[in-house]
*Asks:* 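First the structure, which I've put down as structure tokens, then a few questions once you've had a look.
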Amino acid sequence: MENSNSEDLCGVEQNEECRINDPASTSSSYRLFGRQASVHQMMGGGKAADVILWRRRHASFGILLVATFSWLLIERSGISFLSLCSDVLLILIVLLFLKANYAVFRKKQPKTLPELVLSEEMVVIALWLLSVIGSLISFFTLAYIGIILSITIPALYDKFEDHVDRFAGMIHRKFSKHYKIVDESLQSRLPRTLAKEKDP
């Protein structure tokens, strides 16, 4: 079973590399987000990228089912966000405590946790955004929407990237054309002294 999965993954990666190197497939010179690599490579190229891009269909479908079941269960049961977070954090603290004691028992140095340094302004903005979004929809619904979008949009883009890039390039050219027209009309209305000072 694993051999067939690995062969499928190798075949997908070879097709992907051929599609990137093939000049006929990249007829549009515009690439969304200015990327040079494939979507799989941009996502790290590991197992997580395989799951997000539905190359491991069973795992992707399992995540979708678990997320949907959890969302329905939490929304129907009426569990509050704080009680659920406190339970999850308590379980994590107990697991970290047991892991640290096990490392001491085996005379191994426990791994240090990376430090996260955030400015006060960033925290205030993040909390304000969460409060605005929280007043509109519940946190669980927001998390569920985020999971669904993160597991469907990259896969759809990977499947239809040529069409999306062509359409995005067309929109980009139209916006650039309109921007140039507006910019030229604004520059023509400026007095010549301001225009000379603006130009280096």
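Keep in mind that the numbers below use all heavy atoms, side chains included, and drop hydrogens, waters and symmetry copies. For this chain, numbers begin at 1 and follow the sequence in order.
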*Asks:* Drop me the distance from Met122's CE to Ser119's OG, to the nearest 0.5 angstrom.
*Replies:*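 So the CE of Met122 and the OG of Ser119 are separated by 6.5 Å.
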
*Asks:* With hydrophobic residues grouped by side-chain heavy-atom distances under 4.5 Å, do Leu129 and Val124 end up in a single group?
*Replies:*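 In one cluster: no.
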
*Asks:* Flag yes if Leu65 and Ile147 sit in one hydrophobic cluster, no otherwise; membership is Ile, Leu, Val, Met, Phe, Trp, Tyr, and two members link when side-chain heavy atoms are under 4.5 Å apart.
*Replies:*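 Per the 4.5 Å side-chain linkage, Leu65 and Ile147 are co-clustered.
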
*Asks:* Pick from Ile148, Thr68, Ile52, Ile151: which one makes a side-chain contact (heavy atoms from CB on, under 4.5 Å) with Ile63?
*Replies:*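 Exactly one option meets the side-chain contact (heavy atoms from CB on, under 4.5 Å) with Ile63, and it is Ile151.
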
*Asks:* Look up atom CD1 in Ile133 and atom OG in Ser138, then write down how far apart they are to the nearest 0.5 Å.
*Replies:*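 These two atoms lie 12.0 Å from each other.
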
*Asks:* Would you call Tyr102 and Leu98 a side-chain contact if the rule is heavy atoms closer than 4.5 Å?
*Replies:*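 A side-chain contact under 4.5 Å is absent here.
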
*Asks:* Show your reasoning for whether side chain to side chain contact (heavy atoms under 4.5 Å, CB included) applies to Tyr144 and Ile137.
*Replies:* CA-CA 11 Å; Tyr144 178 68; Ile137 57 175; over 6 Å; no

*Asks:* Taking Ser70 for the side chain and Ala67 for the main chain, is one N or O donor matched with an acceptor at less than 3.5 Å?
*Replies:*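 Side chain of Ser70 to backbone of Ala67: no pair is present.
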
*Asks:* Are Val182 and Tyr179 joined in one hydrophobic group, where the rule is that I, L, V, M, F, W and Y side chains link up if heavy atoms are under 4.5 Å apart?
*Replies:*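 Different hydrophobic clusters.
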
*Asks:* Identify the heavy atoms of Met43 and Ala49 that sit nearest to each other, and give their distance.
*Replies:*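 What the structure gives for the nearest pair is CB-CB, 3.7 Å.
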
*Asks:* Would you name the heavy atoms of Thr141 and Glu75 that are closest together and state the gap between them?
*Replies:*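 Taking Thr141 first and Glu75 second, the nearest heavy atoms are OG1-OE2, 3.6 Å.
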
*Asks:* With rounding to the nearest 0.5 angstrom, report the CD1 to CG distance, Ile153 to Asp158.
*Replies:*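 With rounding to 0.5 Å, CD1 (Ile153) is 13.5 Å from CG (Asp158).
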
*Asks:* Indicate, with yes or no, if Phe105 and Leu96 share a hydrophobic cluster defined by side-chain heavy-atom contacts under 4.5 Å among Ile, Leu, Val, Met, Phe, Trp and Tyr.
*Replies:*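 Cluster IDs for Leu96 and Phe105 differ.
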
*Asks:* Between Phe61 and Leu72, is there a shared hydrophobic cluster once you connect ILVMFWY residues whose side-chain heavy atoms come closer than 4.5 Å?
*Replies:*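 Both belong to a single hydrophobic cluster.
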
*Asks:* Restricting to non-hydrogen atoms, name the atom on Trp71 and the atom on Phe140 that form the minimum distance, rounded to 0.1 Å.
*Replies:*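 Shortest heavy-atom contact: CD1-O, 3.5 Å.
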
*Asks:* What verdict does the side chain to side chain contact (heavy atoms under 4.5 Å, CB included) test give for Asp165 and Tyr157, after you've listed the backbone C-alpha separation in whole Å, the side-chain angles of each residue and the deciding distance to 0.1 Å?
*Replies:* CA-CA 9 Å; Asp165 285 345; Tyr157 175 68; 2.8 Å; yes

*Asks:* Are Ser176 and His172 side-chain neighbours, meaning at least one heavy-atom pair lies under 4.5 Å?
*Replies:*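 In contact.
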
*Asks:* Just wondering, do Asp50 and His40 contact through their side chains at under 4.5 Å, heavy atoms?
*Replies:*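 SC-SC contact between His40 and Asp50 confirmed.
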
*Asks:* Over all heavy atoms of both residues, which pair between Arg56 and Val51 is shortest? Give the atoms and the distance, please.
*Replies:*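 Closest heavy-atom pair between Arg56 and Val51: CD-CG2, 4.2 Å.
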
*Asks:* State the CG-CG distance between Leu136 and Leu142, to the nearest 0.5 angstrom.
*Replies:*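 The CG atom of Leu142 is 10.0 Å from CG of Leu136, to the nearest 0.5 Å.
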
